[in-house]
Engineer: 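After the structure tokens below, expect a handful of questions from me.
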Amino acid sequence: MDWRTENDTATMKTGNDQSKNLAFRPYHKLFALALVLVSIGLGYWLVRDYLTIEFLADKEDSFRSFQSEFPWLVVFVGIAIYAGVAGLSLSAPRC
């Protein structure tokens, strides 16, 4: 008993046409790279004033008071940042 239709059988014989079409479009990778680079550049441009030593030194008292008010939140955020950086350093499995 064969449950496949004629269309399924034809697709199996010719292969996956969609994956073949995507393989011949190298501009998708270039577009994704450009999108990532623009996002990083825009993100840096928006927060560049908040990442200076002078700004962080001026806000040190407020950071320390926040830490004393919410110690578990500070620990949770630290662990989340550590896990995120460690996760990004892992290589992706190849299928």
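Numbers here are sequence positions counted from 1.
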Engineer: If hydrophobic clusters are built by linking Ile, Leu, Val, Met, Phe, Trp and Tyr wherever their side-chain heavy atoms come under 4.5 Å apart, do I81 and F70 end up in the same one?
Structural biologist: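 Yes, I81 connects to F70 through the hydrophobic network.
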
Engineer: Taking salt bridge (Lys or Arg N to Asp or Glu O under 4.0 Å) as the cut-off, I'd like each qualifying pair that reaches into residues 59-70, sequence neighbours left out, listed once.
Structural biologist: E60-R64

Engineer: Please round to the nearest 0.5 Å and tell me the distance separating atom CG of L37 and atom CG of L42.
Structural biologist: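 That separation rounds to 12.5 Å.
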
Engineer: How long is the gap from CD1 on I79 to CZ on F76, to the nearest 0.5 Å?
Structural biologist: 8.0 Å

Engineer: Does F31 CZ have over 12 foreign heavy atoms under 6.0 Å away?
Structural biologist: no

Engineer: Do F55 and V47 share a hydrophobic cluster (ILVMFWY, side-chain heavy atoms under 4.5 Å, transitive)?
Structural biologist: yes

Engineer: Could you pull out the closest heavy-atom pair between L56 and F63, with the gap in Å?
Structural biologist: CD2-CE1, 3.8 Å

Engineer: Once you round to the nearest 0.5 Å, how far does CZ of F66 lie from CG of L73?
Structural biologist: 4.5 Å

